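Each remark here refers to the structure printed beneath this line.
Because the structure is a prediction, the values reported are computed rather than measured. Whatever order the structure lists them in is the order used to number ligands and atoms, beginning at 1. Only heavy atoms go into these numbers, but all of them, side chains included; no hydrogens, no water, no symmetry mates.
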Amino acid sequence: MLTCLEDPLPSNSTKHNLNEEYFKKEFFFSQQIGSTVPQYQNHQILPEQSMEDQGKITLCLDLDETLISSTMIQQCDYDFHFKLKSSVEGERCEEYFVKKRPNIEHFLRRCSEMFEVVVFTASLKPYADKILDELDPRGTLISHRLYRDSCSFFCGSFVKDLSLLNRDLNTVLLIDDLPASFQFHPENGLQIPRFEYHLKKKQNLSFIDNCLVEILKILETIFIQHEVISIIAQYN
Ligand SMILES: [Mg+2]
């Protein structure tokens with residue numbers, strides 16, 4: 001477990017008991033899209049590596065509370081905001097205010113130099129794409145985007161089944177704030193402390209977050225040694 005000035009999520013937590021705001025978002029998405037969650041995937045969800053990424057370790061990054069913090073409550077210090085219109089209820093629209101995790105620009109740029117970067121989120125495509133288009137406006141940092149429909153729904157959690165990535169599991173790493181996401185392959189997962197900017201601000205807690213810089217030090221080692229499992233084992 002990485003050390004950080006933030007408290008890590010208790011290991012027995014799931015995405016379904018995190019906070020009120022999560023439920024609000026989930027409710028909106030369920031209204032917007034309907035039930036799109038497959039019970040279990042049984043097909044490969046990534047194409048072969050591109051020529052540019054050939055031979056690179058595949059780094060999967062979660063989105064919410066890993067790279068960004070978003071809220072539907074209006075903020076004054078957000079980095080960007082966007083609106084999503086409901087395809088089900090026509091005129092219904094919700095606005096999201098997004099705070100980027102500190103050092104994310106440097107983190108993504110360096111990761112893209114070292115790895116095949118895949119953002120693997122349990123969020124739905126319309127929401128995730130709005131954010132990823134801001135984080136990677138030229139499409140040069142992230143090789144692939146995987147959304148909720150690529151997750152497997154297991155025991156109440158959205159699990160990111162790394163065996164479906166069409167990659168050698170010895171060369172796959174998932175960084176996620178929720179251990180439940182990598183419960184099928186815990187040896188490939190690295191838990192990052194949750195980035196809950198808006199929640200901490202609401203509680204008037206001081207906020208210092210250097211997690212992406214800390215993670216990058218581990219990733220540099222993984223890149224140099226071209227080894228995932230034994231290095232990650234030192235931190236979990
Ligand atoms: Mg997350």
Side-chain angles (χ1 to χ4, degrees), residues 1-2 4 6-30 37 45 58-72 78-79 96-104 107-108 111 117-132 134-136 142 144-162 165 172-186 188-201 207 209 211-212 214-216 218-219 232 235-236:
M1 180 65 212
L2 287 169
C4 184
E6 277 191 288
D7 293 331
L9 189 71
S11 60
N12 62 350
S13 294
T14 73
K15 193 162 187 174
H16 299 282
N17 61 6
L18 295 179
N19 57 50
E20 187 181 328
E21 199 170 302
Y22 176 81
F23 283 108
K24 191 176 174 188
K25 274 200 270 187
E26 287 302 288
F27 176 76
F28 170 65
F29 285 141
S30 67
V37 181
I45 52 180
T58 300
L59 172 64
C60 300
L61 300 170
D62 173 47
L63 181 61
D64 288 286
E65 286 82 44
T66 294
L67 298 180
I68 59 98
S69 176
S70 78
T71 179
M72 294 168 76
Y78 56 85
D79 289 317
Y96 291 84
F97 300 87
V98 181
K99 190 73 176 175
K100 295 190 277 189
R101 195 163 204 163
N103 306 301
I104 189 169
F107 178 80
L108 285 178
C111 286
V117 177
V118 177
V119 168
F120 198 164
T121 176
S123 290
L124 295 168
K125 185 176 189 302
Y127 165 85
D129 277 346
K130 290 278 189 184
I131 296 169
L132 294 175
E134 291 280 346
L135 300 183
D136 184 17
I142 299 164
H144 303 283
R145 300 177 180 184
L146 297 174
Y147 313 94
R148 181 175 300 179
D149 60 0
S150 293
C151 296
S152 299
F153 194 62
F154 178 75
C155 291
S157 295
F158 292 109
V159 182
K160 298 164 185 177
D161 187 347
L162 304 178
L165 292 182
V172 174
L173 168 62
L174 169 62
I175 295 175
D176 202 302
D177 61 291
L178 295 178
S181 299
F182 49 81
Q183 61 182 293
F184 290 174
H185 304 94
N188 295 85
L190 181 63
Q191 185 184 7
I192 186 170
R194 291 173 63 75
F195 178 54
E196 295 181 304
Y197 180 81
H198 301 104
L199 187 62
K200 296 225 174 207
K201 188 181 167 195
F207 196 94
D209 186 292
C211 292
L212 293 182
E214 289 189 40
I215 287 276
L216 202 50
I218 302 171
L219 293 177
I232 291 309
Y235 297 95
N236 284 332

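Qualifying ring pair (Phe, Tyr, Trp, His ring centres under 6.0 Å) partners for Tyr78, counting only residues two or more places apart in sequence or in other chains: His81, Phe97.
Each of Phe107, Phe195, Tyr197 was checked for a side-chain contact (heavy atoms from CB on, under 4.5 Å) with Pro102, and the lone residue meeting it is Phe195.
The atom name of the N/O/S atom in Asp64 closest to the Mg ion (ligand 1) is O. Taking the N/O/S atoms of Asp177 in turn, the shortest distance to the Mg ion (ligand 1) belongs to OD1.
In this structure, Glu214 contributes its side chain and Cys211 its backbone to no donor-acceptor pair below 3.5 Å. For the pair Lys160 (side chain) and Phe120 (backbone), a donor-acceptor distance under 3.5 Å is present.
Distance check for Asp62 against the Mg ion (ligand 1): an N/O/S atom falls below 2.8 Å. Put simply, Asp176 stays out of reach of the Mg ion (ligand 1), with no N, O or S atom under 2.8 Å from it.
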